[in-house]
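Each ligand, and each atom within it, is numbered from 1 in the order the structure gives. Note: hydrogens, waters and symmetry copies are ignored here, and every other heavy atom, side chains too, is used. Only a predicted model underlies this, so the values are computations on that prediction, with no experimental measurement involved.
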Amino acid sequence: MAQYSLVSGSVGLITLKNPPVNALGAVVRHGIVDSVEKALSDPKVKSVVICGQNGMFCGGADIKEFGTDMKGPPLIPMFHSLEAANKPVVAAIEGGAFGGGLELALGCHYRIAHSKAKVGLPEVTLGLLPAAAGSQRLPRLIGVPAALNLITTGRHITAAEALQLGLVDQVADHNTVDTAVKFAQSVVGKSLDSRRISNFQCPPVPNVDVLFEEVMQKIRQTSRGAIAPIACVQAVRAAATLPYKDGLQKEKELMATLFTSGQARSLQYCFFAQRVVSRWSMPNGASWDTSKGRPIHKAAVIGLGTMGRGIAVALAQTGFSVVAVETQEKQFMDAKKAVAGMLERGAKRSGKVAAHDKIIYSQNLQAIADVDLVIEAVFEDMALKKRVFRQLSDVCKPGTFLCTNTSTLDIDQMAAETRQPELVVGMHFFAPAHVMKLLEVVYGPRSSPEAVAVAMQLGKKMGKVSVAVGNCRGFVGNRMLKPYRDQAYFLLEEGATPELIDQALEEFGFAMGAFKVYDLSGLDVGWKVRKEEGLVLPGGGSGKSARIRQGVRYSPLGDLMCEEGRFGQKTGRGWYQYDKPGSRDAKPDPWVHRFLEDYRARHGLVARRISNQEVLERCLYAMINEGFRILEDGIAAGPEDIDIIYVFGYGWPRHRGGPMFYANMVGLPIVLERLEHFAQANPDVPTLQPCNLLRKLVASGSPPISKWREAMKNVHSQL
Ligand SMILES: CC/C=C\CC(=O)SCCNC(=O)CCNC(=O)[C@H](O)C(C)(C)COP(=O)(O)OP(=O)(O)OC[C@H]1O[C@@H](n2cnc3c(N)ncnc32)[C@H](O)[C@@H]1OP(=O)(O)O
């Protein structure tokens, strides 16, 4: 609702009330229309202030209404009537004004923001554009380049930046509403013509066509197929080149396309999914609202390789005291230098002081005796990790949480080495750990709810999107990656090239195709693991058994590449060629094509034409099928958990919502039918066999993704 009151004898105060963010739902919109009418028709009222309750101006349109028939007054006429009012209207912005909330403020004659408030037009992140005249008013107010930046990125800016851009008129340090009321009184009688933004011309931009051409080109390169950023540019261009009324019409047309698009649905799903996963639960019933963590003041990182360095930096930048331990002399010296550099660069970017003093370096494990939490990041070797956990259990004070950054290994085996296995959890960071947003928090059968709560809270403090998952090989992310990668290799055997597969995946929207990722992360990493698993045969093996391991189809292509010393970017040669070792510019390599032809000839394989569609279906449906198995096994609490992991950790295009949401969009019967088809053609690939949960969902009429959790309830959990 919106509450109306008369304050200071002459100011009509309209307070938006719709917790938690005062979104502009139908009831609020009715409330605003009624209140404005009261204020404008009351002769006692000389000016109007609009604010939001509980320190929050307005989080924008109510996103939950988007899928409905959206009754109630529309926003644009409401903002026009505010702007046309003959009494000054002032927005008092506390907390934040986002999307429709900022558009409401732009309809007012003046804007006053609290110094801690943030404002922005984040519609693009929801697959939309600011279509309550925001795309037309903002460029007229702050100029085309600045508006383009805010609208196409959706970034939230501080009150200080908003003041500098001329987006707000004043910044208040104390009571914003009081300040706004006084301000409103002070401007009574002043002409409002110059305050009505829709009357403004956009400040002229030299070479406007060139500017838009450049921006559009950049956006096409970076948007990975997302349509909303492009529509945003087109809408701002309309503001820059057309009269307000025509620009508004263009905004409406562009929005009509976006509003019902699958991309908007996907992005809005991601918005809510991100919030759903923060409300974690474990199969034993423990959950975010019943389990409390403990405060962490001092943490330790064990092992200062790539991951350990990133984790130490992330912790220090969050404000934790960190003991960084590395026992090998050379690695220790290299790490100290590298971490200092990372902190310096981070400080330069953020404008904050580098947090060097937060980190104490040591080569001695005894230095961590008094820490509250340890994150182990030593080499991915179970014997080594077990030894480290035994030592940690001896050295640390009782009650210290012991976390492992393993990306695949069984955390329960590590817990078994300690005196308090209930304090052991996985904290699987993604490289580079100080940059990547995702954190998989892995609970084992003995992990306590308190330990999970601590890891989840720590992740949140570090600015990570933390997802609680169960303990199995590869957890959620890497477990699903395996069938995807297997299919990519099988497709090479059947006639594809790395370029063909990567192009299909990148056109789909992945940041990088499977083979570019291999080259980036190093082919030798997986080779080492496969060797330990006994999968690697010299020369890839021979005869029929060369392409079968433990009864299932296996491609030795990755092993053969490693035998050639082709480890990827680091050696300047991998699935692509690079100018020099360490270079990132991947070029197709005729050597790889010949290598594949020789391989096929050796194994009697006849290359066939492989379409982009087949690449997508084989790679993605195999991955999705594993996702359903993960749900079936109770390793992830719901499809949202899987999708958020893929969007934040694996370069899955957000505008496609995550693998499980994508399956829901494609249609479960289609996914099932294609998997059945591929499974029949590849009986030696068990990961293509459709799993029971998928079959069950299809048999029960393919309910929408929001109902999958119900269907999962009756499926047996292995935890
Ligand atoms: C014609 C079209 C016109 C206009 C288009 C729009 O306005 S689209 C909406 C544009 N607004 C946004 O994108 C803002 C979305 N919200 C946020 O970014 C954050 O919620 C916000 C406002 C910065 C607050 O962040 P905070 O971390 O404090 O809270 P949290 O994100 O956890 O949100 C709390 C709960 O509020 C729900 N919520 C937030 N915004 C909206 C919204 N606009 N509509 C509906 N619901 C919203 C959010 O889901 C949380 O709910 P919960 O059930 O607690 O998970």
Checklist entry - Within the structure, does Gly99 bring an N/O atom to less than 3.5 angstrom of an N/O atom in ligand 1? => result no
Item to check | Residue, atom name and distance, where the atom is the protein heavy atom closest to atom 14 (C) of ligand 1 | outcome: Gly59 O, 3.4 Å
Checklist entry - What's the verdict on salt bridge (charged side-chain N to carboxylate O under 4.0 Å, His left out) for Glu161 and Lys118, showing C-alpha distance, side-chain angles and the deciding distance? => result CA-CA 9 Å; Glu161 188 176 348; Lys118 294 214 166 162; over 6 Å; no
Next on the checklist: If we count only non-hydrogen protein atoms and require a distance under 4.0 Å, does atom 51 (O) of ligand 1 qualify as touching the protein?
Outcome noted: no
Checklist entry - Is there a donor-acceptor contact under 3.5 Å linking the side chains of Glu450 and Ser291? => result no
Item to check | Evaluation steps, salt bridge (charged side-chain N to carboxylate O under 4.0 Å, His left out), between Glu65 and Arg29 | outcome: CA-CA 12 Å; Glu65 272 186 359; Arg29 300 201 299 278; 3.0 Å; yes
Next on the checklist: Does Gln164 have more than 12 heavy atoms from other residues, nucleotides or ligands lying within 6.0 Å of its CD?
Outcome noted: no
Item to check | Distance from atom 17 (C) of ligand 1 to nearest protein heavy atom, with residue and atom | outcome: Phe271 CE1, 3.9 Å
Checklist entry - Are Trp708 and Phe628 near enough that their ring centres are under 6.0 Å apart? => result yes
Item to check | Nearest-contact summary for atom 35 (C) of ligand 1 - protein heavy atom, Å | outcome: Pro20 CG, 3.4 Å
Next on the checklist: Test your reading of the structure: does Gly100 have an N or O sitting under 3.5 Å from an N or O of ligand 1?
Outcome noted: yes
Next on the checklist: With no hydrogens and no angle check, just 3.5 Å: does a side-chain donor-acceptor pair link Asn149 and Arg155?
Outcome noted: yes
Checklist entry - Does ligand 1 have any atom sitting under 4.0 Å from a heavy atom of Met56? => result yes
Item to check | Closest protein heavy atom to atom 33 (O) of ligand 1, given as residue, atom name and distance to 0.1 Å | outcome: Arg275 NE, 4.0 Å
Item to check | atom 28 (O) of ligand 1: any protein heavy atom closer than 4.0 Å | outcome: no
Checklist entry - Can you check whether a protein heavy atom sits less than 4.0 angstrom from atom 43 (N) of ligand 1? => result yes
Checklist outcome for this item: If you scan protein heavy atoms around atom 2 (C) of ligand 1, the nearest is Met255 CE, 3.8 Å
Checklist entry - Is it the side chain (CB and beyond), the backbone, both or neither of Val276 that lies under 4.0 Å from ligand 1, heavy atoms counted? => result neither
Item to check | Structural part of Leu126 in contact with ligand 1, heavy atom criterion under 4.0 angstrom | outcome: side chain
Checklist entry - Just heavy atoms, cut-off under 4.0 Å: does Ala61 contact ligand 1 by side chain, backbone, both, or neither? => result both
Checklist outcome for this item: If you scan protein heavy atoms around atom 47 (C) of ligand 1, the nearest is Val21 CG2, 4.0 Å
Item to check | Arg196 NZ/CZ over Phe200 ring centroid, <6.0 Å and within 45° of normal | outcome: no
Checklist entry - Hey, mind stepping through Glu83 and Arg137 against salt bridge (charged side-chain N to carboxylate O under 4.0 Å, His left out) and telling me if it holds? => result CA-CA 11 Å; Glu83 191 184 57; Arg137 283 203 175 95; 3.1 Å; yes
Item to check | Side chain, backbone, both or neither: Arg279 near ligand 1, heavy atoms under 4.0 Å | outcome: side chain
Checklist entry - Is it the case that Asp643 and Tyr269 place a side-chain donor and acceptor less than 3.5 Å from each other? => result yes
Checklist outcome for this item: heavy-atom search around atom 45 (C) of ligand 1 in the protein gives Asp62 OD1, 3.2 Å
Checklist entry - Going by the atom numbers of ligand 1, which of them fall below 4.0 Å from some non-hydrogen atom of Leu75? => result 3 (C)
Checklist entry - Does any donor atom in the side chain of Gln3 or Thr15 lie under 3.5 Å from an acceptor atom in the other side chain? => result no
Next on the checklist: Using a 3.5 Å cut-off on N or O atoms only, is Phe66 in polar contact with ligand 1?
Outcome noted: no
Checklist entry - Can you tell me which residue and heavy atom of the protein come closest to atom 23 (C) of ligand 1, and the distance to 0.1 Å? => result Phe98 CE1, 3.6 Å
Next on the checklist: When you measure from atom 25 (O) of ligand 1 to the protein, is at least one non-hydrogen atom found at a distance under 4.0 Å?
Outcome noted: no
Item to check | Option from Leu192, Val90, Ile197 for which side-chain contact (heavy atoms from CB on, under 4.5 Å) with His109 holds | outcome: Leu192
Item to check | Quiz item: cation-pi between Arg656 and Phe508, 6.0 Å / 45° | outcome: yes
